[in-house]
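See structure below.
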Amino acid sequence: MDNTYTTPEGLKLDMTQLVRTPNGTRLDMNISLDDQLRAKVGENWADDMDLMYHIEIPETNEYRIFNENRPNARQAKFRFRDMTRLSENNDGQMRLSETWDPAYVTVDAKKIRFVLDGYTIPVWEEKSVEVDLEKMRKDAEFYTYVLQLEQFGDEILFSKYNYWPVQQSLKLPEGNFEGNSSLVLEGVGTFQNDINGDQWVAIDREGKEYPVEVMGTTDQPYKNEEYIVGDLRLIIHGFKKENGTKFTLKRTAVNREFRDVNWEVDLPSYDSLPWLK
């Protein structure tokens, strides 16, 4: 195969092979970034990025959605990411292989169309808000939401705070915060991006940083592809009552969801399949 596409933001996709087996149909492609997008992402971008696409089979009017949170979305049966060529000494490409279950993508379908719907990739771009807990407490007597942050189409509204004894998540940096009551900000969020890739940090007046964990349940998206998190909580591990009432809350990375794409590929057909003879 030789089908290539570069998104407006600079994600490069290069389909290389379609393989049909009795266990499923496998699509191979190389994925890389142009210099401009590469400068905005972290070293582990290939671990965290995901494609959103759907498969059309005209013969049977089948429509299969893969790799996103929309209703009826499915995941590939097998997924393999080859990172061996990501270093600067090589070509900077990740090799992605996705195998679709025959129950969802018929192996003997002669006409299969791949349609790219978008992709997600964590982007480093900071946005911060100054937090004054005492002011939040007073404002809560008159307003529902007392702290707001907007970025990349996401709107986050905090309504209250508390101190909870919370356990340390495996996702957080090393540090012993277990058994302590840490500050928890509570509210709601409307997201156009993937909340699962969010990274935050809190910084007190002395410059000490505290790891922040994002928790919440993502509802099914609306027609405008916005996701509502009605039980959003930001756990600021290690920030206790004695650490004060004022600090900076900083969102450092956003798992951006890009949908400004336009790529459809009619995948190769076949004359015969060995196991059907």
Side-chain angles (χ1 to χ4, degrees), residues 9 40-42 48-50 52 68-70 118-164 166 168-169 171-173 177 181-205 208-240 243-259:
E9 291 78 23
K40 297 180 180 179
V41 303
D48 301 321
M49 71 84 55
D50 265 316
M52 302 180 293
E68 56 179 313
N69 294 322
R70 291 192 299 185
Y119 61 98
T120 58
I121 187 169
V123 174
W124 294 97
E125 188 159 338
E126 296 183 354
K127 184 70 178 290
S128 62
V129 61
E130 297 301 318
V131 180
D132 185 335
L133 298 178
E134 185 61 24
K135 184 177 185 302
M136 287 180 64
R137 183 184 65 79
K138 293 179 179 179
D139 288 348
E141 298 177 4
F142 305 98
Y143 307 104
T144 303
Y145 301 110
V146 293
L147 187 66
Q148 179 182 26
L149 185 143
E150 295 183 358
Q151 187 184 22
F152 297 131
D154 300 338
E155 183 181 38
I156 301 166
L157 301 169
F158 296 103
S159 56
K160 59 182 179 179
Y161 68 90
N162 212 325
Y163 293 89
W164 289 357
V166 291
Q168 181 180 355
S169 167
K171 298 180 181 178
L172 295 171
F177 307 104
S181 292
S182 294
L183 177 66
V184 179
L185 301 178
E186 300 180 60
V188 300
T190 303
F191 294 89
Q192 293 184 5
N193 300 288
D194 188 352
I195 184 177
N196 293 319
D198 263 17
Q199 295 188 38
W200 298 68
V201 66
I203 307 170
D204 66 17
R205 287 294 181 259
K208 181 180 177 180
E209 295 188 353
Y210 301 82
V212 177
E213 181 176 13
V214 182
M215 297 185 67
T217 306
T218 303
D219 293 336
Q220 294 289 3
Y222 293 146
K223 291 182 179 179
N224 57 2
E225 303 299 342
E226 289 184 341
Y227 302 84
I228 305 298
V229 181
D231 58 349
L232 182 67
R233 297 187 180 102
L234 264 61
I235 303 172
I236 305 174
H237 287 266
F239 195 98
K240 298 174 285 188
N243 293 113
T245 60
K246 296 182 179 181
F247 61 92
T248 300
L249 181 64
K250 186 181 294 185
R251 192 188 197 192
T252 59
V254 183
N255 200 14
R256 293 290 310 277
E257 183 172 304
F258 295 103
R259 292 187 175 271

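Here the side chains of Leu133 and Leu185 are in contact, with some heavy-atom distance below 4.5 Å. Within the 4.5 Å cutoff, the side chain of Val131 has no heavy atoms near those of the Thr248 side chain. The shortest distance between side-chain heavy atoms of Val123 and Val254 does not fall below 4.5 Å. Between Glu125 and Arg256, every side-chain heavy-atom pair lies at or beyond the 4.5 Å cut-off. Arg259 places none of its side-chain heavy atoms less than 4.5 Å from the side chain of Gln192.
Looking at every heavy atom in both residues, Tyr163 comes nearest to Phe239 through CE2-O, 4.0 Å. A pairwise comparison of heavy atoms in Ala202 and Phe247 identifies CB-CD1, 4.0 Å as the closest pair. For the residue pair Met49 and Pro122, the shortest heavy atom distance occurs at N-CD, 4.4 Å. Between Met136 and Leu147 the shortest heavy-atom distance is SD-CD2, 4.2 Å.
Once rounded to the nearest 0.5 Å, the distance linking CD of Glu213 with CD1 of Ile236 reads 12.0 Å. Considering OH of Tyr119 and CG of Asp50, their distance stands at 13.0 Å, rounded to 0.5 Å. Residue Ile121 holds its CD1 atom at 7.5 Å from CZ of Phe258, rounded to the nearest 0.5 Å. Here the straight-line distance linking atom CE of Met215 with atom CD1 of Ile195 works out to 10.5 Å at 0.5 Å rounding. Distance check: Thr190 OG1 to Tyr227 OH gives 13.0 Å after rounding to the nearest 0.5 Å. Distance check: Ser159 OG to Glu186 CD gives 6.5 Å after rounding to the nearest 0.5 Å.
For Lys127, the side-chain contact (heavy atoms from CB on, under 4.5 Å) criterion is met by Leu149, Gln151, not counting sequence neighbours. Asp154 meets the salt bridge (charged side-chain N to carboxylate O under 4.0 Å, His left out) test with Arg251; sequence neighbours excluded. The side-chain hydrogen bond (donor to acceptor under 3.5 Å, both in side chains) check on Asn162 picks up nothing, with sequence neighbours excluded. Partners of Asn255 under the side-chain hydrogen bond (donor to acceptor under 3.5 Å, both in side chains) rule, at least two apart in sequence or in another chain, are Asp194. Not counting sequence neighbours, the partners of Gln148 by the side-chain contact (heavy atoms from CB on, under 4.5 Å) test are Glu150, Glu155, Leu157. With sequence neighbours left out, Asp231 forms a side-chain hydrogen bond (donor to acceptor under 3.5 Å, both in side chains) with Thr217. The side-chain contact (heavy atoms from CB on, under 4.5 Å) search around Thr252 returns Trp124, Glu126, Gln199, Val201, Lys250, not counting sequence neighbours. Checked against side-chain hydrogen bond (donor to acceptor under 3.5 Å, both in side chains), Thr245 has no partners two or more places apart in sequence or in another chain.
Side chain of Ser182 to main chain of Gly238: a donor-acceptor pair is present (N/O by atom type, distance under 3.5 Å, no hydrogens or angles).
Applying the ring pair (Phe, Tyr, Trp, His ring centres under 6.0 Å) test to every pair with at least one member in residues 131-161, sequence neighbours left out, gives no pairs at all. Note on residues 137-147: pairs passing salt bridge (Lys or Arg N to Asp or Glu O under 4.0 Å), not counting sequence neighbours, are Glu134-Arg137, Lys135-Asp139.
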(message) For a side-chain contact (heavy atoms from CB on, under 4.5 Å) check, start with the C-alpha distance between Met52 and Glu257, then their side-chain angles and the critical distance, and finish with the verdict.
(response) CA-CA 9 Å; Met52 302 180 293; Glu257 183 172 304; 3.6 Å; yes
(message) Test side-chain contact (heavy atoms from CB on, under 4.5 Å) on Ile156 and Val129; report intermediate values, then the result.
(response) CA-CA 11 Å; Ile156 301 166; Val129 61; over 6 Å; no
(request) Verify side-chain contact (heavy atoms from CB on, under 4.5 Å) between Asn243 and Leu183, making sure each step is shown before the conclusion. (result) CA-CA 10 Å; Asn243 293 113; Leu183 177 66; over 6 Å; no
